[in-house]
Amino acid sequence: MKKPLVSAFATSLLLIGAGAAPALAGSRGEAGPEAAGFAGTVALSNCSGSVIRMPDSQPADPALVMSNGHCLESGMPGPGDVIVDEPSGRTFDLLDASGKEVGTLKASKVAYGTMTDTDVSLYELTSTYEEIETDYGIKALELSAEHPAQGSAITVVSGYWKQTYSCAIDGFANELREADWTWKDSVRYTSACKTIGGTSGSPVVDDAGGKVVAVNNTLNEDGQECTLNNPCEVDKDGKVTIHPGIGYAQETYQIVPCVGAGSKIDLNASGCTLPKPN
């Protein structure tokens with residue numbers, strides 16, 4: 001999990017959530033565009049993302065783009081901060097299956113964003129799902145309503161780099177702590193997914209079902225314990241462990257109950273457990 005792009009360049013760091021030097025693209029264990037399609041993924045200015053829909057989303061609903069909370073243009077939310085319905089004019093480069101940029105989508109607002117318990121941002125777009133499909137022939141990626149399963153084969157699809165990373169779900173971290181932030185029930189990758197700078201916000205797709213089960217957000221880079229860019233795991237007994245070089249993602253099934261008719265975020269809806277504003 002990293003700072004925005006401009007900060008990354010200023011400090012010469014290779015950051016998971018920020019852009020990295022182009023020479024690093026495709027340098028660490030990615031499967032390449034052939035392995036998984038890019039249709040529905042997007043490139044942000046500093047991160048990756050995807051156009052996502054709920055199982056019961058309707059064609060006329062405003063489309064949503066999902067990325068990380070730490071990728072927000074306003075900067076990384078502090079612990080406990082929750083952003084709801086904040087105006088935004090951010091743009092996203094939409095990709096087709098081959099990774100070609102086919103159009104530009106525009107946000108009307110940040111519908112939801114936080115780095116508390118999870119690390120996610122949801123942008124409501126000025127376009128509907130139907131308009132995107134009509135204009136570009138691109139369908140949104142569907143969020144799974146089910147908790148992901150250990151051992152499942154997954155693909156992390158980065159619209160920023162137009163690269164994919166294939167591995168499996170190694171397990172789940174009860175708590176994942178990084179600097180001041182704590183995330184709950186995070187997905188831990190097997191070692192094959194060596195994600196690099198710019199991959200933050202990438203959808204994590206279950207290979208068997210083709211649905212999004214998580215959003216990529218961090219990796220332990222230096223083997224440090226619980227520091228920025230070096231997340232640690234804390235079990236239910238408080239035991240701390242680290243997995244150097246291993247990446248993580250935040251589950252997305254819990255988003256589904258929180259999105260109602262017209263793509264509106266309803267944090268009071270039955271089954272919605274996303275953090276609320278204080």
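Keep in mind that this is a model prediction, so the values were computed, not measured. In what follows, residues are counted from 1 in the order of the sequence shown.
Checked by atom type and distance alone, the side chain of S88 pairs as donor or acceptor with a backbone atom of R90 at under 3.5 Å. The backbone N or O of D237 sits less than 3.5 Å from a side-chain atom of D235, completing a donor-acceptor pair. Checked by atom type and distance alone, the side chain of D93 never pairs as donor or acceptor with a backbone atom of V42 at under 3.5 Å. Judged by distance alone, the side chain of T114 and the main-chain N or O of T116 form a donor-acceptor pair under 3.5 Å. In this structure, the side chain of N68 engages the main chain of D119 through a donor-acceptor pair within 3.5 Å. Put simply, the side chain of S263 never gets that close to the backbone of L64: no donor and acceptor are under 3.5 Å apart. With hydrogens and angles disregarded, no donor-acceptor distance shorter than 3.5 Å links the side chain of T126 to the backbone of A107.
Residues N230 and I242 form no side-chain contact, since every pair of their non-hydrogen atoms from C-beta on lies 4.5 Å or further apart. The side-chain heavy atoms of I255 and M66, taken from C-beta on, include a pair separated by under 4.5 Å. Under the 4.5 Å side-chain criterion, counting only non-hydrogen atoms from C-beta, T91 is not in contact with L105. For the pair K109 and E86, the minimum side-chain heavy-atom distance is 4.5 Å or more. Here the side chains of I246 and S191 are in contact, with some heavy-atom distance below 4.5 Å. A heavy-atom distance below 4.5 Å is not found between the side chains of T128 and D61. Residues E251 and S186 form no side-chain contact, since every pair of their non-hydrogen atoms from C-beta on lies 4.5 Å or further apart. A heavy-atom distance below 4.5 Å is not found between the side chains of P79 and M115.
Aromatic rings of Y189 and Y165 (six-membered ring for Trp) have centroids beyond the 6.0 Å cut-off, not under it.
E124 and K264 are joined by a salt bridge, as a carboxylate oxygen and a charged side-chain nitrogen come within less than 4.0 angstrom of each other. Looking at K184 and D117, a side-chain N of the basic residue comes within less than 4.0 Å of a carboxylate O on the acidic one, giving a salt bridge. Using a 4.0 Å cut-off between charged side-chain N and carboxylate O, K162 and E101 make a salt bridge.
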side-chain contact (heavy atoms from CB on, under 4.5 Å) between F38 and V157, intermediate numbers included: CA-CA 7 Å; F38 293 91; V157 189; 3.4 Å; yes

Please step through salt bridge (Lys or Arg N to Asp or Glu O under 4.0 Å) for the pair K239 and E233, ending with a clear verdict. CA-CA 8 Å; K239 181 182 177 181; E233 297 187 22; over 6 Å; no

Applying side-chain hydrogen bond (donor to acceptor under 3.5 Å, both in side chains) to Y129 and Q58, what does each step give before you reach the verdict? CA-CA 8 Å; Y129 294 112; Q58 300 301 306; over 6 Å; no

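Using cut-offs of 30° and 60° on the angle between ring planes, the pair H147 and Y253 is tilted.
Tracing side-chain contacts under 4.5 Å through hydrophobic residues (I, L, V, M, F, W, Y), one never reaches V234 starting from F172; they form parts of separate clusters.
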